[in-house]
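Here the structure is laid out as structure tokens; the discussion comes afterwards.
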Number of protein chains: 2
Amino acid sequence: MRAALEEATVFVEKWSANVGLPVGNCPVRGVLDKISDKWSMLLVMTLASGPKRFNQLRREIPDISQKMLTQTLRDLQRDGMVSRQVFDTKPPSVEYRLTALGESVIVPFGYLIRWADENFADIDRSRAEFDQAA
Amino acid sequence: MRAALEEATVFVEKWSANVGLPVGNCPVRGVLDKISDKWSMLLVMTLASGPKRFNQLRREIPDISQKMLTQTLRDLQRDGMVSRQVFDTKPPSVEYRLTALGESVIVPFGYLIRWADENFADIDRSRAEFDQAA
DNA sequence: GGACAACGTCACCTCAAGGTAACCACCATG
DNA sequence: CATGGTGGTTACCTTGAGGTGACGTTGTCC
């Protein structure tokens, strides 16, 4: 799903312009990348309430696999959204926290979540209607 | 920005109540899942500038396959984001336009796009650093 | 000694999203 | 006649995101 957005530059210009944004490069590509994977947004929003350790995150998001937790955290770290700090305690503990960049994305995510929260009922209804018509 | 953050955190709290739940039980996650496919957002933003016909959309988004255009439009229609109107002209033409629901999602998308535009440079830099360190 | 909790890595497999290309009907134009 | 533009459908295939489960290392506790 990631690589294919790479070529959408042309229209991104178009609709970026519509939203009143400078054209240049395609910023949306990266964002859609993040949005469209299954766990990044969930992880960011979970870390929004404060730094957490690895198994603490596992407990708070029971349906994420260990592999995907590791992998998504690495990706977020790579993107500068999350910082990883290892404490040299007896069993070494690792703390993940949002960076300033990571915190800044909470705002647009928040809008999206609010939108979803306000409209999922309408969407469900629309789906039901549509499916019944078919 | 300050107000926006606080506003966002309200919904983050709501959200966190649902985080532990499987996707099926979290309506927000369900909705966001739909939004996060490869073409939905692009299509919505393309239709943001006005109603368009099928092949008009194909031309504006050259790298979408016919199949995926049809499919994504159907999904959006099913979710009540897009309405489809067939005109009984000589070669019947079909017009797609955003519904009120579809238009309402432009706002949160817009915030996301703005965020991406403001921060993609930082992200790129962070990635480069991270990759070099490894 | 055995279990468990800390934080992972690795190999393997599945499943569906998405791409490709062929096909349909209809009509206009050259 | 043939090409091209309407708006699709269908069958087939590839890709990779994500899940599963085993293994590992260092310690502590019972």
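Protein chains get the first letters and strands the later ones, always in sequence-line order, with residue 1 at the start of each.
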So, does [X] get its side chain near the phosphate of [N], meaning an N or O under 4.0 Å from OP1 or OP2?
| X | N | answer |
| --- | --- | --- |
| B:Asn55 | D:dG5 | no |
| B:Arg59 | D:dT6 | yes |
| A:Arg53 | C:dC7 | yes |

Touch check for [X], heavy atoms < 4.0 angstrom, all strands: base, sugar-phosphate only, or nothing?
| X | answer |
| --- | --- |
| A:Phe87 | nothing |
| A:Gln71 | nothing |
| B:Ser93 | sugar-phosphate |
| A:Arg58 | nothing |

Q. If you check every side-chain atom of A:Arg84, which of D:dG19, C:dT20, C:dG8 has the closest atom?
A. C:dG8
(Q) So if I take every side-chain heavy atom of B:Lys38 and compare against C:dG18, C:dC7, D:dG19, which nucleotide ends up nearest? (A) C:dG18
Q) Which is it for A:Asp37 and A:Ser40 under the side chain to side chain donor-acceptor pair (under 3.5 Å) test, yes or no, and what are the steps along the way? A) CA-CA 6 Å; A:Asp37 91 68; A:Ser40 292; 2.4 Å; yes
Whole-Å gap separating [atom2] ([N]) and [atom1] ([X]):
| X | N | atom1 | atom2 | value |
| --- | --- | --- | --- | --- |
| A:Leu73 | C:dA6 | CG | C1' | 15 Å |
| A:Leu69 | D:dA17 | CG | C1' | 16 Å |
| B:Gln66 | D:dT9 | CD | P | 9 Å |
| A:Glu95 | C:dA6 | CD | P | 15 Å |
| A:Leu42 | D:dG18 | CG | C1' | 15 Å |
| B:Gln77 | D:dG7 | CD | P | 14 Å |
| B:Met68 | C:dA16 | CE | C1' | 11 Å |
| A:Ile61 | D:dG18 | CD1 | C1' | 15 Å |

(Q) Give me the atom names and distance for the closest heavy-atom approach of A:Thr46 to A:Lys52. (A) O-NZ, 3.5 Å
Q.
Using salt bridge (Lys or Arg N to Asp or Glu O under 4.0 Å), reason through A:Glu95 and A:Arg97 one step at a time and then give a plain yes or no.
A. CA-CA 7 Å; A:Glu95 184 188 84; A:Arg97 71 168 65 216; 2.9 Å; yes
Q: Go through A:Asp79 and B:Arg127 one step at a time and tell me if the salt bridge (Lys or Arg N to Asp or Glu O under 4.0 Å) criterion holds.
A: CA-CA 5 Å; A:Asp79 287 353; B:Arg127 278 184 196 168; 2.6 Å; yes
Q.
Ignoring hydrogens and geometry beyond distance, is the side chain of A:Lys67 in donor-acceptor contact with the base of C:dG8 at under 3.5 Å?
A. no
Q) Among B:Arg53, B:Gln56, B:Arg84, which one satisfies side-chain hydrogen bond (donor to acceptor under 3.5 Å, both in side chains) with B:Tyr96? A) B:Arg84
